[in-house]
Structure formats: C-alpha cells, structure tokens
2 protein chains.
Amino acid sequence: MGSVSDVKGPESNPANPTSIAAEPRKPICVLGLGLIGGSLLRDLGRLNWPAYGWNRSEKTITRARRDGFDVSNDLEATLQRAEADGALLVLGVPMFALASLLDAIKVHAPTCGFTDVTSVKEQVHDLVEEHGLSHRFVGGHPMAGTANSGWPATMTGLFKGAVWVVTYDNAVAGDGMGNGADEAEDLWLKTWARVVAMAEAVGASVVPARARKHDRAVARVSHLPHILAEALAIAGDQGGPLALTLAASSFRDGTRVAGTEPALVRAMCENNRAALVTALDETLELLREAREELANPDKDMKDLTEVGHAARGRFEARAGRKKGEGANRPIIRVQPGGRGWVEQLESAESMGAQIGIF
Amino acid sequence: MGSVSDVKGPESNPANPTSIAAEPRKPICVLGLGLIGGSLLRDLGRLNWPAYGWNRSEKTITRARRDGFDVSNDLEATLQRAEADGALLVLGVPMFALASLLDAIKVHAPTCGFTDVTSVKEQVHDLVEEHGLSHRFVGGHPMAGTANSGWPATMTGLFKGAVWVVTYDNAVAGDGMGNGADEAEDLWLKTWARVVAMAEAVGASVVPARARKHDRAVARVSHLPHILAEALAIAGDQGGPLALTLAASSFRDGTRVAGTEPALVRAMCENNRAALVTALDETLELLREAREELANPDKDMKDLTEVGHAARGRFEARAGRKKGEGANRPIIRVQPGGRGWVEQLESAESMGAQIGIF
C-alpha cells in the first residue's frame, strides 16, 4: 500500500546534500487567500515554514491578520518582498484573475519561480507562455476542497492524503547530475523541486502529469460527475413529489455534487470544454446504447452492468473501497534533473503513480 | 417535520374498535427468506408478532431454524397452514419465481390476502390479475436493502425509517362506513390495512402509490442512478490509471451503485423498461444540450447548473440534507373503506405523502 510517510521533504534528506532538492526551506508567498491559498498558508504556518500572503480584499486581510498571519493587500510590495528573499510564489487566484497577476509578477518579481492551484492546467500553461514566463512556472492542482469558500472556510490539514498534481510540461533535461545546464534551467528545476517539497510537507501525494493529460483525466473523473449529477437531479425532480419521496441513497449519492454552487461547477467545466466534450460524447454513446437495450425487450443490459461493475472495482482497487481508506498507488522516486528523469515522470504519469524526490 | 411516532398500528387504536384496521395481530406468513423476507421475519419475531416462513432452499431453512425461526421448505404445507389460520401472505421471492408461487397460492391458500416486496409493481399487478387474484392482492415495495443478499444478510431494523410503498390499484370504495359492501371487498380492505399495519410495525413509513406511478417514480430516482453510475464508471476507467488516481469524492459518490451486483441492476432495470426509457430520454436530452453548450465557446452552462442545483435543493428539503436525517413529508390519515378514501390516497400519492390509518 502506498504511504507518504517515507516520502520526505528536502530538509530531511541530508544524505544527498548536493541535489537540487536539498535546499533549505525558502520562503513561500501565497497570492490569493481563498480556500486553497488560505489553507496552504495555515499549513505552512503550522510547520513553521517561512510564509506570507497577499489578497485583494481588505476584509480577508483583516481576518487573516487577526488569525496571526503575515499578509498584505499591497500586491506590488508583496511581490518586491518575494523577489528580494527568493520566495516561491503560489498563485491562488481564480482563473479570470490570473492574467493581471502574471503581468504584475513579470514586473515586480522578475526572477521568482511560481506555481498555481487552478483546477485546469492547459489554459494556465498557455497564459503563462503568452506572458513569456514558462521557464519559471510549474503548474499545480491540489485535488482538495470543500463546498465552502473564502478565508472563513480555510483550515489546516486540507491537503492531508490528497493528490497534488504537479505538471512538467516545461521540464528541462538537466545535465544528468541533478542540475540544469544553465541558470534558467537551474531555476526551473529548483522551482519544480520546491513545489513538490511544499506539497509533500502539507501531507499531499504528488502525481506528475502534463497539462493536457491532467485536463483530460479530470474531465472524466471530476467534471463529468458534476454534469451527470445535475442531469440526474433534474430528471428526478421532474418526477414530482412522489419521486422525491421515493428517492433514497442511490439518488442521494448520485446527485450530491449538484449541491455545489453553480458558479463553481461552471468555472470547472467551462474552462475544460474540449476534454469534457470528449468524455461526454463517450458517455452519451454508452447511454444511447443502454436506451436501445431497454427499448428492445429482446436485448439486455449485461454488457453495461458487467463492464461498469468491473470499472468501479478497478477504481476501488486503486483508491480504497471506502472514503478515507489509504490509496494503493505505485510510488516512483525521481531526482530532478537526473539522467532520464523526464522519462521517469512520463512513466509515473501513465501509471498514475505518485512520486518522491531523492 | 414528519414523524412516524404518532402513527400507530391497529392494535393501539382502541378508540375505533369497529374499523377495518382494528383487527388483532393475525399471523403473517413470509414466502421467500432472502434479505427482505428474512429481515421482515426477524422484525416480526422481535415484536412477538405470530409469523412463520417458507423458503425453497434447505440450507436457508437450516440456518433460519438455527436462529430460532418457525420455517419450512414444504410450500404446500405452509400455504395450507396459512389458509387455516387466516394469515397474510408476504411474497418475498424474485420476480421470476412469482408466477409459480401464485399458482400454488391459488390452490393451497384460496382465501388468504397477500402482498409482495418486489422493486417494480406494474408487472406484478399484471401477473396477479392473470391469475385472477387481484381481489386479495395489495402490492408492496419496502425501499430498503443492502449490497448483500440471502439469509446471512438478514437483520432486524432493516425497514426502520424506510419508505414502504403500498399500492391501491385494486382498491374498493367501501360503503363509507369503513367496510366493504360484500365479502370480497371486505377481504381486500382488510388485506390492505394489514399490509399497512405490518409495514408501520417494523418502523417503515407507508406511502400509497398506484403501480404505474410507482414504477415511473423509481425509474427516475432508483433505476436511472444505476445506469448513470455504470456509464460514469466506464468513462472514468477509459481514462486509464492517471484518471483513476485523480478520481476523488465526486467520482466515488457518482459511481457507488455501480458496485451493485450486475444481476441485481439488470433485474431492476429490465423489469421497468418503459418507464426507464422515458427517464433516460429526458436525461439524454439534458446531456446533449450540455454537450452543445460546452462545444460552443459562446455558450455557457448557466441553465443546467442552476436548475440542477435547485432540484437537488428540493430533494434535500424533502429527504433531509444528510443521510439519516428525518424526512420532511406530509402525513395524511385515512380510514380504509371510509367515504372518499381512494381520493385521499390519490392526494397522498400526488404529494408523496405518507399515510397513517385511523
């Protein structure tokens, strides 16, 4: 069974002091203090990891300061501070606010490495490339959340046991010694290692995936479930009060995520249109077949029910049969910039493996 | 909030000693001792309600006897005993075994009232009518179950808080005095009242519905969720190991019932084809619209997400926001055979109300 307990952050790996990963805990600057960014700042605080934050709203700043955090609503000053102390930037703002934040980073933090926590990755990568910042960007997606949002919803421990996807689209091969060949490559490798170390420090399991592969996967397992839940909720409701009275646990579980705020569902789905259309087309085909089998008394649903049952079994084998059970994923150890390390990441991606840095 | 605590079985209603419902606890004979039938026998035993059972398999009989129950695998003898002591028969066998059981009832228990516990109702009503037994049949569907089956899965308390649908397709108007106009009508009314009293005694909430209305409702809220779960499980699995690793709680909840044995899913869906095709067609239309909205960058998913969210809200308002929370349904009191009682049942059906007998 996979365990994160033997995956250590850089500071606990003194046996390999020359590796990229073995840097001391450098500061982390969290930009945007919503559920994800704010919870990250809380976890870093708990770990005594040097960290500070920025948020646009004065109200959030007041609340976060009251809780003892080092935060500001002056973006320029915060970015200048991050540049001065070589902080890793974590972009915790919604998709629509990313472009203007990248503009500010380009001007006020011209050498900082940075990551994000947005739920889709290809659009973010494109935006970063348009800004000419790819050489210091590593995409991230912590797969954690609650139904609530904003600073009051933040908590410690939100990422414990969660998967944290880290992209490697911008990976450099390195010189096989665990270092980049030049200063720019070195910056990217160090940024990547710092993102991984941060995710592991807050208890997440790091899974490497390129932006496009990530977006295709979450379309199937995260965005599609929301679409189906909305449709099921509507179809049940169209049955009127008797149907709602007869609805029991299969309807309850099947519609649970239709309770998510519509704006959040739209933000996920509308930012991942192409991948979601592909997943939805496959689903429509399966449902059309089921419809024909039901409409024809000579046909049966053997295929759908048996293939579906086997698929659910494979999910349970990987994720644990019950919520909260430990996941059963392969673990691959990589050395950032080491010989063949990008190929190792590709292997991990195709296996859905989590990684550890050595 | 609806509560079953003020809904009493007939034996506790001495204020109305002449009503149909006020009979003493007559014996109950459970035919088929699977999860539902066996659990019912356990509950009746706990209540000291005179009850005995039959099952085809010797193994089940041995196990049930070891647990202290009065059971037999001699169908003819069991039915003759039921006929002699005026028992209510509860048919707990699967759909495919109903026809031969009805044949035996016709011969060996020619005057007993009977009910069933099958998950669809129209086919059962048709079968009973073909056998010429409608005048003593009341359909039933306790909406309770677990993933397991057979005597080892039986338990006390399975029906506590569950909805138990009772049909009234064969209802007679009565003479307005709470009695049938003749002996046949009297038998049907007494059977109906006994089924309701039994369901209430084991802690269920009785909801009246005609067979066709029942089947249409469960197609939407019980069978459709299974079809969508199978399709989602397959679409997720087609994303390969990376998708299964990234799958979190929305996928887990959305695919849970794909873990049900395929044969059970088929039995539900293939016995309710017409109603399920209607529900599936509505769902396909919603999903096709969603697909077009996603494929066109100028369109959005405002409608689907807002209507879906509101529908889930209506379900939560009725069923309770969390599993196990008390349901919030209207309660209507009826007197079997009383003036206008069939119209009262129709009202209850259209409101998804539960009923109590007075």
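For the numbers below, each heavy atom of this structure counts, side chains included, while hydrogens, waters and symmetry mates do not.
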(message) Could you check whether any side-chain heavy atom of A:L242 comes within less than 4.5 Å of a side-chain heavy atom of B:V207, counting everything from C-beta outward?
(response) yes
(message) Please classify the contact between A:M301 and chain B as side chain, backbone, both or neither, with a heavy-atom cut-off of under 4.5 Å.
(response) both
(message) So if I take each residue of residues 343-350 of chain A and look for any heavy atom under 4.5 Å from a heavy atom in chain B, which residues do I end up with?
(response) A:E349, A:S350
(message) At a 4.5 Å cut-off on heavy atoms, which part of A:K299 comes close to chain B: side chain, backbone, both, or neither?
(response) backbone
(request) Tell me, for A:R216 versus chain B, whether the close heavy atoms (under 4.5 Å) come from the side chain, the backbone, both or neither. (result) neither
(message) Which one wins on heavy-atom pair count under 4.5 Å against chain A: B:A279, B:G254, B:A247?
(response) B:A247
(message) I want to check something: taking the side chain as every heavy atom from C-beta on, are A:I234 and B:L304 in contact at a cut-off of under 4.5 Å?
(response) yes
(message) Between A:D281 and chain B, with a heavy-atom cut-off of 4.5 Å, which part of the residue counts as in contact: side chain, backbone, both or neither?
(response) side chain
(message) Is any side-chain heavy atom of A:R256 closer than 4.5 Å to one of B:R252?
(response) no
(request) Examine whether an atom of A:H141 lies under 4.5 Å from a heavy atom of chain B, and if so say whether it belongs to the side chain, the backbone or both; otherwise answer neither. (result) neither
(message) Do B:T305 and A:T260 make a side-chain contact, defined as non-hydrogen atoms from C-beta onward lying under 4.5 Å apart?
(response) no
(request) Go through the atoms of A:A319 and report whether side chain, backbone, both or neither lie under 4.5 Å from a heavy atom of chain B. (result) both
(message) Counting only non-hydrogen atoms closer than 4.5 Å, does A:L280 touch chain B with its backbone (N, CA, C, O), its side chain (CB onward), both, or neither?
(response) side chain
(request) Counting only heavy atoms closer than 4.5 Å, note whether A:E289 contacts chain B via side chain, backbone, both or neither. (result) neither
(message) Quick one, B:S222 and A:L246 - any side-chain contact, counting heavy atoms below 4.5 Å?
(response) no
(request) First locate atom CG of A:L294, then atom OG1 of B:T278, and finally report the distance between them rounded to the nearest 0.5 Å. (result) 10.5 Å
(request) Output the option from B:A258, B:S249, B:A310, B:A219 having the highest count of non-hydrogen pairs under 4.5 Å with chain A. (result) B:A258
(request) Specify which of B:L224, B:V265, B:L232, B:V257 makes the most heavy-atom pairs with chain A at under 4.5 Å. (result) B:L232
(request) Determine the option with the most heavy-atom pairs under 4.5 angstrom with chain B, choosing from A:A233, A:S250, A:G239. (result) A:S250
(message) Do B:R220 and A:F251 make a side-chain contact, defined as non-hydrogen atoms from C-beta onward lying under 4.5 Å apart?
(response) no
